[in-house]
Amino acid sequence: MIICKSAREIDLMRSAGKITAEALKLAKKIAKKDITTDYLNDELEKFIRAQGGIPIFNGYRGFPKSICTSINEEIVHGIPGKRKLKNGDILSIDVGVGYKKYAADAALTIPIGEITEEAQKLLDVCEQALGLAIGVIKANVKLSSISGAIQTHVEKNGFSVVRNYTGHGIGRCMHEEPQIPNYVSESLLRTDETLKPGVTLAIEPMICMGRCETVVSSNKWAVVTKDGKLSAHFEHTVVVTENGAEVLTR
C-alpha cells in the first residue's frame, strides 16, 4: 500500500532530507585521492549525529557501516573500508538519515581527480536522468512516467539502466511501496500506480557504461557490473505535490 504523508510527516522528512543533503555536500568536499572510504564513513556519521540525525543504513539488514561507498564498477551497497581512492576513480556515495522516526535517502557519484571524458559523460547522463524523472512528477501522473523518463534518456546516450534494483517509496521506513524501476516493463504497466499528493519517493537511477547485468560481490553486499565497466548512481527523496515534486534532499 502506498502511504500519503501528512504535512507534519513531510516536514519531518524535510528535516531528515536537509541533514542528508548537507552530509553529501561534506562528502564532496572531503572525498579526494588517498582518502579511505572508512574515513568518509566516519566523518559523515559524526556529522549526521551532530545534526540530530541517525545514519539508518548502519545495521539495516546487517549492513556494517553508516554510508554506502561504491567505486567504479560497484553500483550500490559498497562497504566503506581501508581502500584508498585513486585519481580517475568515480565514487558513488549513498546516505540515509533518520530524524524523529522519518527517513530521507540520497546519493551521488563524484569524480576523484581527473576522470575520462566517457566517465564524466556517464555521471552527467545519470544526474540528468534523475532531473528529468523528477521533472515529470506531479499529482495524477503514472509511476511508469518516472521509469520511462530515466530509461529514455540513459539509452539515448548509449548507456544501460540497472534492472535488478529499483527506487522506492520512503517515509517512516526507508523502503516502502511502491518500487520504482528505472525502465518500463509490461509488468510495471499492468500494475501502474497513479501518483497522489503526499506520496514520498526515493528516485534513484543506477546506470552502466556497458551491459546492465549485475552480480553481488564476495562480501555479500556490493553490487557490481558483470562486465566490470563503470556505473553511476544519483538519488533524491521527493514528495509529490499537485503541481510537481518538492526535492527534500537538496
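All values reported here derive from a predicted model rather than from experimental measurement.
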Could you pull out every donor-acceptor pair under 3.5 Å between side chains of residues 68-75 and any protein atom, sequence neighbours left out?
| unit_1 | atom_1 | unit_2 | atom_2 | d |
| --- | --- | --- | --- | --- |
| Ser70 | OG | Gly78 | N | 3.1 |
| Asn72 | OD1 | Ile90 | N | 2.9 |
| Asn72 | ND2 | Asp89 | OD1 | 2.9 |
| Glu74 | OE1 | Ile71 | N | 2.9 |

Tell me whether the rings of Tyr60 and His175 are parallel (<30°), tilted (30 to 60°) or perpendicular (>60°). tilted
Between CG on residue Asp42 and CZ on residue Phe47, distance to nearest 0.5 Å: 15.5 Å
Validation row: His168, Glu204 side chains within 4.5 angstrom (heavy atoms): yes
Sub-4.5 Å side-chain heavy-atom contact between Ser144 and Asp192: yes
Partner of Asp94 under side-chain contact (heavy atoms from CB on, under 4.5 Å), picked from Asp105, Thr20, Ile67, is Asp105
Do Val161 and Met206 land in one hydrophobic cluster if side-chain heavy atoms of ILVMFWY residues count as linked below 4.5 Å? no
May I ask you to decide whether Lys121 forms a salt bridge with Glu118, counting only side-chain N to carboxylate O separations under 4.0 Å? no
Are side-chain heavy atoms of Val240 and Lys196 found at a separation under 4.5 Å? no
Evaluate the side-chain proximity of Phe234 to Gln128: yes if any heavy-atom separation is below 4.5 Å, no if none is. no
Ring-ring centroid check Phe57 His77, cutoff 6.0 Å: no
Exercise: identify the closest heavy-atom pair between Pro111 and Gln120: CG-OE1, 4.3 Å
Would you check if Asn58 and Lys65 make a side-chain contact, meaning some heavy-atom pair closer than 4.5 Å? no
Sole residue of Val239, Ile170, Ile10 in side-chain contact (heavy atoms from CB on, under 4.5 Å) with Lys5: Ile10
salt_bridge(Arg8, Asp11) N-O dist < 4.0 Å: no
Any carboxylate oxygen within less than 4.0 angstrom of a Lys/Arg side-chain nitrogen, looking at Glu246 and Arg14? yes
Where Ile203 and Ile180 come nearest, the two heavy atoms and their spacing: CD1-CD1, 3.9 Å
Pair Arg49 + Glu45, salt bridge at N-O below 4.0 Å: yes
